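Have a look at the structure below before the remarks.
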Amino acid sequence: MKKNEEANQGLFLWLAWFAVLLLLIVLTLLFYLFYPRLYQIHQYLPVIFGIIEILILIPITGGLLLITISVTSGKDLLYPHGKKQITVRTLFPIVLFLGQFLKISKDRIRSSYVAVNDSIIRVTRNRISADKILMLLPHCLQNHECPWKITIDIRNCHHCGKCEIGDLIKMAEHYGVDLRIATGGTIARKVAAELKPTAIIAVACQRDLTSGITDAYPIPVFGILNKRPNGPCYDTWVSLDKIEEAFEFFSRNKLVKRDHKGSDNNED
Ligand code: SF4
């Protein structure tokens, strides 16, 4: 893994551990404050309250520990997969709140979250089927002067070279990936529901990617951030190298799966 990717995902992980510590302090404080009143009602109530708090903390702390070890060591310890979602869904708003408090921009935290998510996809590759990959692109990648309606059908692109859409279409065809333009989260969800992909490669800004990754669950979403040199949602671009890297990753995965299937069949 490249050093800047490690540093990028480190921010989310550090803040997430900080959030767990805060959660622990809040729950201990609540237990301390409620203990006398609960005991007055019934002697077993404080015990039940304590058990509930422990049941909240265990999946979150355990999930974060497994995520941290997995993404730093590159070893897949994330079984069952759902634990990652419980952890991230619970901690993400607390992490954003902490970031605000520490004057860290939301976009930096979201970028870091996307980096963690992509690392999780890399380490869990053996559990991801790459048979049907869908790539979702934001409409703002299209040059603003382009007259062709690529949102209706991406094949309307005339490959003029003014934006990267033409190159992306060629790359997607080469790797056998279904390519669609999503003008928003609702369309993205609709396309995913129609095509039922086994995995998604999504290009978007920090906010749309983080919500897309969460919304698409249980479909794994490999996120690639777009660049916005002209401001938000206007003539954006994306690193074609990163796209190719993602295509290569999933096509290698497909080959590995086929090899496994092939050897299984031979054994039969
Ligand atoms: S490459 Fe395609 S989408 Fe981009 S400006 Fe040219 S015709 Fe339009």
Side-chain angles (χ1 to χ4, degrees), residues 2 4-5 8 105-108 110-111 113-115 117-118 121 128 130-216 219-254:
K2 289 167 195 158
N4 55 349
E5 278 178 40
N8 196 12
S105 79
K106 281 186 180 175
D107 276 355
R108 257 190 81 196
R110 287 174 178 139
S111 299
Y113 167 68
V114 173
N117 172 76
D118 290 356
I121 290 191
I128 298 173
D131 287 344
K132 203 172 176 196
I133 305 294
L134 167 66
M135 183 169 196
L136 290 172
L137 300 175
H139 186 203
C140 55
L141 278 180
Q142 184 182 24
N143 183 280
H144 73 278
E145 288 175 341
C146 178
W148 309 109
K149 292 268 179 222
I150 61 165
T151 47
I152 299 168
D153 188 344
I154 197 152
R155 286 169 299 185
N156 288 335
C157 167
H158 280 49
H159 298 262
C160 72
K162 276 190 189 165
C163 73
E164 291 171 318
I165 298 289
D167 289 334
L168 289 165
I169 294 171
K170 277 189 212 152
M171 283 167 77
E173 278 171 1
H174 175 75
Y175 285 94
V177 169
D178 220 333
L179 185 61
R180 298 295 165 95
I181 301 282
T183 47
T186 313
I187 302 285
R189 279 190 291 276
K190 197 169 158 252
V191 172
E194 270 171 21
L195 298 178
K196 298 189 175 36
T198 53
I200 297 173
I201 300 170
V203 177
C205 62
Q206 286 88 343
R207 196 193 55 194
D208 288 356
L209 265 187
T210 42
S211 57
I213 288 166
T214 315
D215 290 353
I219 303 169
V221 179
F222 191 88
I224 299 173
L225 293 166
N226 61 352
K227 307 277 179 198
R228 290 160 288 167
N230 305 303
C233 313
Y234 189 80
D235 287 350
T236 63
W237 65 278
V238 62
S239 158
L240 293 180
D241 288 344
K242 283 196 175 171
I243 301 285
E244 181 139 40
E245 217 177 282
F247 283 157
E248 280 289 330
F249 169 76
F250 283 109
S251 71
R252 262 200 313 273
N253 212 23
K254 207 189 276 188

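Numbering of ligands and ligand atoms starts at 1, following listing order. As the structure is a prediction and not an experimental result, all values here were calculated from the model. We count residues from 1, following the sequence as given.
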- Does the side chain of Y113 come under 3.5 Å of the side chain of Q206 through a donor N or O and an acceptor N or O? no
- Pairwise side-chain contact, T236 with N230, heavy-atom cut-off 4.5 Å (strictly under): no
- Message: Is it the case that atom CZ in R228 sees more than 12 heavy atoms from other parts of the structure closer than 6.0 Å?
- Response: yes
- Task: Look only at the side chain of D118 and the backbone of G223, and say whether a donor-acceptor pair between them is shorter than 3.5 Å.
- Result: yes
- Residue, atom and distance of the protein heavy atom nearest atom 7 (S) of ligand 1 read H158 N, 3.3 Å
- Task: Mind telling me whether W148 and H158 have parallel, tilted or perpendicular rings, with 30° and 60° as the class edges?
- Result: parallel
- Query: For ligand 1, which atoms sit closer than 4.0 Å to a heavy atom of N143?
  - Reply: 5 (S)
- Item | C146 backbone or side-chain N/O/S under 2.8 Å from atom 2 (Fe) of ligand 1 | no
- Query: What protein heavy atom sits nearest atom 6 (Fe) of ligand 1, and how far away is it?
  - Reply: C160 SG, 2.3 Å
- To the nearest 0.1 Å, how far is atom 4 (Fe) of ligand 1 from its closest protein heavy atom, and which atom is that? C163 SG, 2.2 Å
- Note on the structure: Taking only non-hydrogen atoms of C157 and a 4.0 Å limit, the atoms of ligand 1 in range are 1 (S), 2 (Fe), 3 (S), 7 (S)
- Within a distance under 4.0 Å of any heavy atom of W148, pick out the atoms of ligand 1 and give their elements. 7 (S)
- Query: Side-chain contact, heavy-atom cut-off 4.5 Å: I128 with T198?
  - Reply: no
